[in-house]
Amino acid sequence: MVEILTGALFMYIFKETSRNAYNNDRREANFRKNFFKYFGLNLPHADAIDDVLRVLAPVEIEQLKSNLVAGLIEQKILRKFRVLGKYYLVAVDATGMASFEQRHCYHCLMKTSKTGLVTYFHFVLEAKIVTSSGLSISLASEFIENDPERDYEKQDCEQKAFARLAVKIKKYFPRLPICILADGLYPNNTVFDICAKNDWKFTITLKDGNLKTFQSEVGLLRATASKRSVCRADKTTRTNLEYTFLNDLEYTGRPFSWVECMETIVNIKGQVLSGQRFGYITNVPQSLQNVTETADSGRLRWKIENEGFNTQKNLGYALEHKFSRKSFIAMQNYYQLMQIAHMINQLVERSNQVVEILKEHSKQTIVDIWKKMMAYLTIFECEDNLQMPYQPG
Ligand SMILES: [Zn+2]
């Protein structure tokens, strides 16, 4: 089992992007030998991995992932990225995993186009710890899936999945101080209730159409709002940030705060290059001391899309590749292993050794380093007296 799961994990750590690519490297004698020298394990065939991942209960790897993340938290690696001296930022968002012309499994979501064409697809809802340094680490994942026992008229959706995801986060991280970051789909009573029940803070994007009564109250009280201006400058541009906030705005019996950040970027001549407005609803009471941190952390929500989903889709992890054509169980297991591998790689990519190599010249990239590592493992035979970082058993 250790060989099977480590092999599957390394398929992602090596950024193989398919089972076939993994098998091709495994076929190379040096590659197999070197892997054994480093880890004391054989590399299993991708079909053997698939056989196991099709029957292994997904909760097993999910548990493994949360144990590893809990380890990072205990080792205080993420501590300095907390906000307001206490809270880990947890961005929540969904992303598409795969779509099919034919039904892939009984849990597929379905969509019928105007022309009557039916497509089948899978989505996953993620909660990732995000940091200002660009880390995006999966805390918990919940698959948006139809229940074959249920009526297909009422498909599963992101909102229903969020309720289940919250239960999962609380189960694996019962005492973790969390601040939820989410987009304009999330400012609603169900989400506010879940956060209140779990004692979580939140900073949620407020779009123009969201919470009309709340926003009209903001409109009425705007003139009385507190403001703070911040200016950040570099050699070529100046960024003016104007933060505005209101406290104690009641919405369905609870007090919330409203925060807005207007960002204007100007060049040396004073010409405006761009302007943006960001609005949030939060259950953290605002003051002149914490308003910048609250609004700036709200903007880190974006990291789940960029450093999280985009990296996993386009930079070596092939999130949308169908690692298993038929099995929904295998799909979940591959996905969870990908999350673990991505977490390990993010830490490796920020290690001193890799950072030193990246600094060697400005064109050096992570993609290039991985290519060289794979070539090294395939072409050369590593020394025999390697200190094995992992001892089986
Ligand atoms: Zn399916």
Side-chain angles (χ1 to χ4, degrees), residues 77-85 87-91 93 128-137 179 181 183-184 203-207 225-245 258-280 282 284 286-316 342 345-372:
I77 291 180
L78 304 167
R79 210 178 149 84
K80 66 176 173 199
F81 300 112
R82 295 173 308 166
V83 295
L84 306 170
Y87 302 98
Y88 291 89
L89 291 172
V90 175
D93 201 3
K128 291 189 199 284
I129 293 187
V130 291
T131 70
S132 51
S133 69
L135 287 170
S136 182
I137 291 173
C179 179
L181 308 176
D183 66 16
T203 301
I204 298 177
T205 302
L206 211 48
K207 285 206 221 141
S226 308
K227 282 188 197 306
R228 182 177 173 190
S229 297
V230 174
C231 179
R232 289 171 197 152
D234 60 28
K235 280 178 196 151
T236 54
T237 58
R238 205 175 69 225
T239 305
N240 294 319
L241 297 146
E242 188 166 84
Y243 300 89
T244 313
F245 66 89
W258 166 82
V259 181
E260 186 184 73
C261 174
M262 295 285 283
E263 180 189 81
T264 319
I265 302 178
V266 295
N267 65 14
I268 318 168
K269 291 176 189 161
Q271 293 165 317
V272 176
L273 301 176
S274 68
Q276 266 181 297
R277 187 179 73 88
F278 305 92
Y280 303 99
T282 176
V284 180
Q286 294 298 295
S287 67
L288 291 172
Q289 282 71 44
N290 70 13
V291 67
T292 54
E293 197 177 3
T294 305
D296 292 355
S297 62
R299 286 174 70 176
L300 292 180
R301 189 205 71 75
W302 188 65
K303 301 256 175 222
I304 193 173
E305 289 182 29
N306 192 40
E307 275 83 349
F309 302 146
N310 183 47
T311 299
Q312 289 184 7
K313 284 180 186 181
N314 302 315
L315 292 172
H342 185 212
N345 277 351
Q346 287 180 75
L347 298 173
V348 171
E349 286 162 11
R350 284 167 175 74
S351 66
N352 289 339
Q353 292 96 321
V354 174
V355 170
E356 282 303 311
I357 301 171
L358 284 171
K359 273 197 250 167
E360 275 170 17
H361 59 91
S362 61
K363 298 276 157 54
Q364 184 64 271
T365 63
I366 292 285
V367 173
D368 193 47
I369 294 174
W370 250 245
K371 227 163 44 186
K372 285 172 185 157

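R299 is linked by a side chain to side chain donor-acceptor pair (under 3.5 Å) to E263, counting only residues two or more places apart in sequence or in another chain. In this view, D93 and R301 satisfy the salt bridge (Lys or Arg N to Asp or Glu O under 4.0 Å) rule, not counting sequence neighbours. Applying the side chain to side chain contact (heavy atoms under 4.5 Å, CB included) rule to V272 yields the partners T264, V266; only residues at least two apart in sequence or on another chain are considered. Under the side chain to side chain contact (heavy atoms under 4.5 Å, CB included) criterion, K235 pairs with no residue at all, not counting sequence neighbours. Legend: residues meeting side chain to side chain contact (heavy atoms under 4.5 Å, CB included) with E293, ordered by chain and number and at least two apart, are V83, L84. Remark: K359 engages E356 in a salt bridge (Lys or Arg N to Asp or Glu O under 4.0 Å) (not counting sequence neighbours). Applying the side chain to side chain donor-acceptor pair (under 3.5 Å) rule to E260 yields the partners R222, R277; only residues at least two apart in sequence or on another chain are considered. The side chain to side chain donor-acceptor pair (under 3.5 Å) search around S133 returns T131, not counting sequence neighbours. Legend: residues meeting side chain to side chain donor-acceptor pair (under 3.5 Å) with N310, ordered by chain and number and at least two apart, are N314. Annotation: side chain to side chain contact (heavy atoms under 4.5 Å, CB included) contacts of I357 (sequence neighbours excluded): E360, Q364, I369. Every residue was checked against the salt bridge (Lys or Arg N to Asp or Glu O under 4.0 Å) condition with K227, not counting sequence neighbours, and none meets it.
Annotation: side chain of T292 is not in contact with side chain of L241 (no heavy-atom distance under 4.5 Å). The shortest distance between side-chain heavy atoms of F278 and Y280 falls below 4.5 Å. Proximity of K303 to L89: side-chain heavy atoms (C-beta onward) are nowhere separated by under 4.5 Å. Looking only at side-chain heavy atoms (C-beta outward), V230 and Y243 come within less than 4.5 Å of each other. By the 4.5 Å heavy-atom criterion applied to side chains, T282 and V259 are counted as neighbours. Looking at F245 and N290, their side chains never come closer than 4.5 Å, going by heavy atoms from C-beta outward. Within the 4.5 Å cutoff, the side chain of I366 has heavy atoms near those of the V354 side chain.
For the pair R82 (side chain) and L78 (backbone), a donor-acceptor distance under 3.5 Å is absent. Using a distance-only test at 3.5 Å, with no hydrogens or angles considered, a donor-acceptor pair links the side chain of S297 to the main chain of T294. Q286 contributes a side-chain N or O that, together with a main-chain N or O of V284, makes up a donor-acceptor pair within less than 3.5 Å.
Separating the CZ atom in R232 from the CG atom in N240 is a distance of 11.0 Å, to the nearest 0.5 Å. Taking CG of D296 as the reference point, atom SG of C261 lies at 6.5 Å (rounded to 0.5 Å). Interatomic distance, CG of L135 versus NE2 of H342, reported as 9.0 Å (0.5 Å rounding). Put simply, OG1 on T239 and CD1 on I265 are 4.5 Å apart, with the number rounded to the nearest 0.5 Å. To the nearest 0.5 angstrom, T311 atom OG1 is 7.5 Å from Q346 atom CD. Once rounded to the nearest 0.5 Å, the distance linking CD of E242 with CZ of R228 reads 12.0 Å.
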task: Please step through side chain to side chain donor-acceptor pair (under 3.5 Å) for the pair N267 and Q271, ending with a clear verdict.
output: CA-CA 6 Å; N267 65 14; Q271 293 165 317; 2.9 Å; yes
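The shortest non-hydrogen separation linking R238 to C231 is CG-SG, 3.4 Å. Between I304 and A91 the shortest heavy-atom distance is CD1-O, 3.3 Å. Closest of all the heavy-atom pairs between K128 and Q312 is NZ-NE2, 3.6 Å.
For residues 362-371, the set of pairs meeting the salt bridge (charged side-chain N to carboxylate O under 4.0 Å, His left out) definition, not counting sequence neighbours, comprises D368-K372.
Enclosure of atom CH2 in W370 by more than 12 non-hydrogen atoms of other residues, nucleotides or ligands within 6.0 angstrom is indicated. The environment of CG in N352 is sparse: at most 12 heavy-atom neighbours from other residues, nucleotides or ligands sit within 6.0 Å.
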